[in-house]
Amino acid sequence: MSRGMNAAKRTVRRMLERDGSIPALDRTARLTSGLLSRLILRRVLLDENVSLLLDVGANEGQFALETRRLGYRRSIVSFEPLSVPYEKLEERAAHDPRWETRRCALGRRSAKRMMGVSANSVSSSLLQIDETHLRAEPASRFVREEKVEVVRLDSLRGELVPPDAPACLKLDTQGFEMDVLAGAQRTLGQVRVVHVELLPAVLYEDQAKMPEVISVLYDAGFEMIDLNREFVDPVTRHVLACNGIFVRRP
């Protein structure tokens, strides 16, 4: 961990020497926080003996690839409902025998739903996007809709989750986190680590509220060990989205 801290400090120093403005400080803070969070994630995946990563809201597989770079070599199942990012996800996973993909979204009940596809892809959601989000990131606008399949994670548990597999549940579902958790109550009993996007601001209509998600996870036996900024309004500097890491209490 100390080597990572020293690298982060050197990065901060270089950036401040180049540009002392507030945007530079924001970029530096996010970079440093992100680096430390990756080191924490690497540690907890090892400490909790995680043998299965459930990558919900995979997009093109960015998170799964990051865990591979961190040294995680065990099983991954990635879920992505949209056709274009799923093609890239499937292509990447094809080279990894321990990485499986499923083209579906996860939620509280199985159904067919229309999903908004954003210009930047990563902001796509089953929920309507809010003006706050559009002002902060114009590329998050929806450019079309696509019909997708929504499935309860618990309905896939017997097929995908071995009964003795300590799991990590990663949720990046653009405000749909409470719905995913509602459909994963049985599976959650095997989860040792949760990596979840939390929204302190309103970015989508009827989104999962940050305190609600934290409360549900605490009630399920988890505690937060890390929180880092993910998305900051470029004008107001307000934190709009962050990532939390939770581990099951002993």
Side-chain angles (χ1 to χ4, degrees), residues 34-82 85-107 122 150-174 176-177 179-181 183-198 213 216-217 220-228 230 242-249:
L35 173 60
L36 294 178
S37 287
R38 288 192 290 274
L39 294 172
I40 291 169
L41 179 62
R42 177 181 179 178
R43 183 76 257 168
V44 297
L45 291 175
L46 180 63
D47 288 349
E48 298 296 329
N49 193 32
V50 168
S51 62
L52 173 64
L53 169 61
L54 298 167
D55 175 23
V56 184
N59 196 250
E60 296 179 356
Q62 298 94 320
F63 185 84
L65 289 174
E66 180 63 27
T67 62
R68 288 298 194 230
R69 286 191 286 268
L70 292 173
Y72 177 75
R73 295 289 176 262
R74 303 174 86 175
S75 297
I76 299 173
V77 181
S78 290
F79 302 87
E80 171 55 44
L82 293 174
Y86 184 79
E87 287 179 8
K88 184 65 175 180
L89 170 67
E90 194 173 36
E91 177 185 329
R92 286 172 165 170
H95 305 289
D96 187 331
R98 305 204 70 180
W99 185 359
E100 183 178 348
T101 65
R102 292 296 178 99
R103 188 181 166 188
C104 63
L106 297 182
V122 295
V150 181
V151 180
R152 293 172 64 252
L153 181 57
D154 281 346
S155 71
L156 301 174
R157 181 185 177 206
E159 179 183 354
L160 298 178
V161 185
D164 58 346
C168 171
L169 177 63
K170 169 263 186 179
L171 300 176
D172 187 359
T173 55
Q174 307 306 304
F176 212 61
E177 291 76 24
D179 286 76
V180 177
L181 290 170
Q185 293 302 299
R186 291 169 54 214
T187 307
L188 204 57
Q190 284 185 238
V191 173
R192 303 295 306 173
V193 180
V194 178
H195 186 289
V196 58
E197 183 179 62
L198 300 166
V213 176
V216 165
L217 290 174
F222 295 89
E223 60 186 3
M224 184 188 293
I225 63 167
D226 184 63
L227 185 68
N228 73 287
E230 173 69 18
C242 49
N243 291 316
I245 299 176
F246 295 75
V247 296
R248 186 168 292 282
R249 291 190 295 271

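- Summarising the geometry, atom CG belonging to Leu70 is positioned 12.0 Å from atom CZ belonging to Arg43; distances are rounded to the nearest 0.5 Å.
- Rounded to the nearest 0.5 angstrom, Leu41 CG and Leu46 CG are separated by 11.0 Å.
- Scanning all heavy atoms of the two residues, the minimum distance from Pro162 to Leu52 falls at CD-CD2, 4.3 Å.
- Annotation for Ala58 and Gln62: closest pair O-OE1, 3.3 Å, computed over non-hydrogen atoms.
- Salt-bridge annotation for Arg186 and Asp154: absent, with no side-chain N of the basic residue lying under 4.0 Å from a carboxylate O of the acidic one.
- Salt-bridge annotation for Lys88 and Glu60: absent, with no side-chain N of the basic residue lying under 4.0 Å from a carboxylate O of the acidic one.
- Considering CD1 of Ile40 and CG of Leu45, their distance stands at 12.0 Å, rounded to 0.5 Å.
- The existence of a salt bridge linking Arg98 and Asp96 is excluded, since no basic side-chain nitrogen approaches an acidic carboxylate oxygen closer than 4.0 Å.
- Atoms OG1 and CD, on Thr101 and Glu91 in that order, are 12.0 Å from each other to the nearest 0.5 Å.
- Rounding to the nearest 0.5 Å places CZ of Arg42 at 15.0 Å from OG of Ser37.
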Could you check Leu198 against Asn243 for side-chain contact (heavy atoms from CB on, under 4.5 Å), going step by step and ending with a plain yes or no?
CA-CA 6 Å; Leu198 300 166; Asn243 291 316; over 6 Å; no

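- Salt bridge absent: Arg103 and Glu80 never bring a charged side-chain N and a carboxylate O closer than 4.0 Å.
- Inspection of the Arg74 and Asn49 side chains reveals an N or O donor paired with an N or O acceptor under 3.5 Å.
- When side chains are defined from C-beta on, Phe222 does not count as touching Val216, because their heavy atoms never get closer than 4.5 Å.
- Between Val150 and Leu106, the shortest heavy-atom contact is CG1-C, 3.9 Å.
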Yes or no on side-chain contact (heavy atoms from CB on, under 4.5 Å) for Trp99 and Leu65, after CA distance, side-chain angles and deciding distance?
CA-CA 10 Å; Trp99 185 359; Leu65 289 174; 3.8 Å; yes

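- The side chain to side chain contact (heavy atoms under 4.5 Å, CB included) test with Leu153 singles out one residue from Val180, Leu181, Leu169, Val77, and that residue is Leu169.
- With hydrogens and angles disregarded, a donor-acceptor distance shorter than 3.5 Å links the side chain of Arg68 to the backbone of Tyr72.
- Among all heavy-atom pairs drawn from Leu89 and Gly61, the shortest one is CD1-CA, 3.6 Å.
- Side-chain rings of His195 and Phe63 approach one another, their centers coming within less than 6.0 Å.
- Under a 3.5 Å cut-off, the side chain of Arg248 and the backbone N or O of Val193 do not form any donor-acceptor pair.
- No side-chain heavy atom of Leu54 sits less than 4.5 Å from a side-chain heavy atom of Cys168.
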List the steps, then state whether side-chain contact (heavy atoms from CB on, under 4.5 Å) holds for Leu217 with Met224.
CA-CA 9 Å; Leu217 290 174; Met224 184 188 293; over 6 Å; no

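- With sequence neighbours excluded, the residues that form a side-chain hydrogen bond (donor to acceptor under 3.5 Å, both in side chains) with Glu197 are Gln174.
- Residues Ser51 and Pro166 meet the side-chain proximity criterion, which asks for heavy atoms closer than 4.5 Å.
- Residues passing the side-chain hydrogen bond (donor to acceptor under 3.5 Å, both in side chains) test with Arg102, sequence neighbours excluded: Glu100, Glu159.
- If you take CZ on Phe176 and CG on Asp179, they are separated by 3.5 Å, rounding to the nearest 0.5 Å.
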Assess the residue pair Leu53 and Lys170 against the criterion (side-chain contact (heavy atoms from CB on, under 4.5 Å)); give the C-alpha distance rounded to whole Å, side-chain angles, the decisive distance to 0.1 Å, and a yes or no.
CA-CA 7 Å; Leu53 169 61; Lys170 169 263 186 179; 4.2 Å; yes

